[in-house]
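Please read the structure below before turning to the comments.
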Number of protein chains: 2
Amino acid sequence: MNRTASIKDVATHAGVAVGTVSNVLNYPDRVSDRTKERVLRAIDQLGFVRNDAARQLRIGHSRTIGLIVLDVGNPFFTSVVRAAEDAAALQGSAVLLGDSGHNASREANYIDLFQEQRVQGLLISPVGDVTDRLDLLRERGVPTVLVDRLADESKFSSVAVDDDAGGYLAARHLLDTGRRRLAFVGGPTSIRQVADRLQGAQRAVKEEPDASLEVLEAEGQTVLAGRSAGNMLVARGRAELPEGIFCANDLLALGVMQSLTMTHTFRIPEDVALIGYDDIDFAASAVVPLSSVRQPTQLLGRTAIELLSEEVESQNPVHRSVVFTPELVVRQSTAAPDAG
Amino acid sequence: MNRTASIKDVATHAGVAVGTVSNVLNYPDRVSDRTKERVLRAIDQLGFVRNDAARQLRIGHSRTIGLIVLDVGNPFFTSVVRAAEDAAALQGSAVLLGDSGHNASREANYIDLFQEQRVQGLLISPVGDVTDRLDLLRERGVPTVLVDRLADESKFSSVAVDDDAGGYLAARHLLDTGRRRLAFVGGPTSIRQVADRLQGAQRAVKEEPDASLEVLEAEGQTVLAGRSAGNMLVARGRAELPEGIFCANDLLALGVMQSLTMTHTFRIPEDVALIGYDDIDFAASAVVPLSSVRQPTQLLGRTAIELLSEEVESQNPVHRSVVFTPELVVRQSTAAPDAG
DNA sequence: CAAATTTTTTGAATCGTTTCATTGGTACGA
DNA sequence: TCGTACCAATGAAACGATTCAAAAAATTTG
């Protein structure tokens, strides 16, 4: 019982040819019930497990899809990964997951590894500036779909979420519930997502002549950054407080919420309305349940797999960019002030 | 430019034999500088990428390690995964990640998939009851290390964290800071981790004749479950409030914190001390920074890979169980009452 | 300079599948 | 009975790498 059994061993043991065993595995209909049964018994007795390397070598490609994300710890990506795995499983493929951790060289390592594995294709949420590496992929002929990043449609398919629309949704919601003096709290606008969300919010505010939007730069995307932004607001006193605050993500919003409620001087949503972005698990279970903007991560993952399949099937490249619209999730933190 | 180049194409292009190309790839020292250079140039020009399936087929095993976790979304596992990936990369292997989602059939799928891939070995945090499936693995001769679960040392190596010790640490810390009437808030004690943590806490409390430990069953491991447990405590009034609360995980602790601080009647840590478990990111950035018990996840992942390597190298199975001791992380939520 | 030694290169054999043209057998209609 | 289909089963060839004994080339030694 040293070496694992091969298809040849199974054939000998069942008294048939290797081709027949292969047929049992791949085209059961071509084999008569009697021999099929015999082969299956042999497989069971020998504990045979198909060697995927040999199969791949013959077939020419694997049944795996490479997926490289920026940060598996980020709930956004975790959810995308889950959905992609499920969608891939449905079509009989498995997902190889790589975490670049925003690091270009780790990303490059995974790209090489996945190429050696002859993945059917690649889903990638690329690190920083990118054109060179992606062009290389294109040359190598690896079907690739960009995730959470728009692409030149002549070159790649991509799936993304419309952050501008998300920002608009959030700000519009604050306006619709009667708030006029708004504030945006967000990290460096050099991050595309942050800039887009702000832009969408500004677009909404421009629709109301008597509304205003103040921008508060936060030094990061964390709870602590949110708290220090919040402390700044608290220090101003009641008269200067905005009526509605839109934070570029939920962590910031939770930080702001902490500083506003900690001092017991302001109430949410009566004095200030607060809305975040991403709808992380903690949003619903915050002290005051946090309104937020939810990205359709499931749909994102599933669609990415579908676009990749399209690329794999047809050889003439017809790339598509799919942009999803995020969804407003209303909770107590933005309840209308008169209703309170 | 249709098919990807093979080692044969490279050999032809460089005017050498296939064996030479292989040597350049695997034993560069055996090849003279002149031909090495010629081969490398050919590789570059043809965009050759080694076909790992063919390599594997010949070698007999892959350079990958399978890792099946219960929940990639759980920060505990995310951290273990990261560490395992890094440790594996250091020894030239890659990690194939599978997420069973506490689902036995998904787990079984991954086990099969990984076996077809001829992984070098398997790290697994198994779902529920387990003996049958793991015995099967043993029979098949797949080197396996259990993660976060103790194993019969005659059968498997394993890495785990001593939850009893963690519970002891937490309770001992509350006692050391002068608290006597303690409470434990935790999910169903059918979960091994919860039961062990409670047991450790009880052990610590028994060391102090005048100390007591009350057990509050929570209906889950979530913020909301913590909040309802907290509400129950608040309803009792000040006299009945325990002096120190130990929660089976940080989410519960954050929930308890919310209900205690929300009502503005109790202060942490002056009126009640609060300590959680896991040291998730949110612990440090809570309204009152939360003391917690940190599990050495990095070490866990790294050690798991090391144990697996041992199993892979030697054929006579000498299994080892490594149990780590968690670490106390003291923050404001358990500051000594006199110091406040 | 020839012999001995070392270094470099060669190429056929091999790993375990899938594929597919071929063979053997059976049934049916003429 | 023969010819024609059809169905099952066969087994050699191919996929692309690594290995290794043997040949070739380069270097050292006497």
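Chain A is the first sequence line, chain B the second, and so forth, proteins listed ahead of strands; every chain is numbered from 1. Just so we're clear, the structure is a prediction, and the values are computed from it rather than from any experiment.
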With heavy atoms under 4.0 Å as the rule, sort [X] into base, sugar-phosphate or nothing.
X: A/Val31; value: sugar-phosphate
X: B/Leu57; value: base
X: A/Asp52; value: nothing

Taking the side chain of [X] as its heavy atoms from C-beta onward, which of [options] lies nearest to it?
X: A/Val18; options: C/dG16, D/dA17, D/dA12; answer: D/dA12
X: B/Arg50; options: D/dA17, C/dT17, D/dT10; answer: D/dA17
X: A/Arg55; options: C/dT18, C/dG16, C/dT10; answer: C/dT18
X: A/Ala17; options: C/dT17, D/dT18, D/dG11; answer: D/dG11
X: A/Ser32; options: D/dA17, C/dT8, D/dA9; answer: D/dA9
X: A/Ala54; options: C/dT17, C/dT18, C/dT10; answer: C/dT17
X: B/Arg58; options: C/dT10, D/dT18, C/dT18; answer: D/dT18

Checklist entry - Pick the nucleotide of DNA chain D nearest each of B/Val49 and B/Arg30; which residue has the one closer to the 5' end? => result B/Val49

Item to check | Any A/Thr35 side-chain N or O less than 4.0 Å from OP1/OP2 of D/dA9 | outcome: yes

Checklist entry - Does a nitrogen or oxygen in the side chain of B/Ser22 sit under 4.0 Å from OP1 or OP2 of D/dA17? => result no

Report the distance from atom [atom1] of [X] to atom [atom2] of [N], rounded to the nearest whole Å.
X: B/Tyr27; N: D/dT19; atom1: OH; atom2: P; value: 4 Å
X: A/Asn23; N: C/dG16; atom1: CG; atom2: P; value: 20 Å
X: A/Gln56; N: D/dC15; atom1: CD; atom2: P; value: 16 Å
X: B/Asp33; N: C/dT7; atom1: CG; atom2: P; value: 14 Å
X: B/Ile7; N: C/dT14; atom1: CD1; atom2: C1'; value: 14 Å
X: B/Asn51; N: D/dA14; atom1: CG; atom2: C1'; value: 13 Å
X: A/Lys8; N: C/dT18; atom1: NZ; atom2: C1'; value: 15 Å
X: B/Lys36; N: C/dT7; atom1: NZ; atom2: P; value: 15 Å

Verify, without hydrogens or angle tests, whether [X] (side chain) and [Y] (backbone) share a donor-acceptor contact under 3.5 angstrom.
X: B/Asp9; Y: B/Ser6; answer: yes
X: A/Ser157; Y: A/Arg320; answer: yes
X: A/His61; Y: A/Arg118; answer: no
X: B/Ser100; Y: B/Val69; answer: yes

Checklist entry - Is atom CG of A/Asp281 surrounded by more than 12 heavy atoms (other residues, nucleotides or ligands) closer than 6.0 Å? => result no

Checklist entry - Does the pair A/Val161 and A/Gln193 meet the rule for a side-chain contact (heavy atoms from CB on, under 4.5 Å), with working shown? => result CA-CA 9 Å; A/Val161 179; A/Gln193 278 85 348; over 6 Å; no

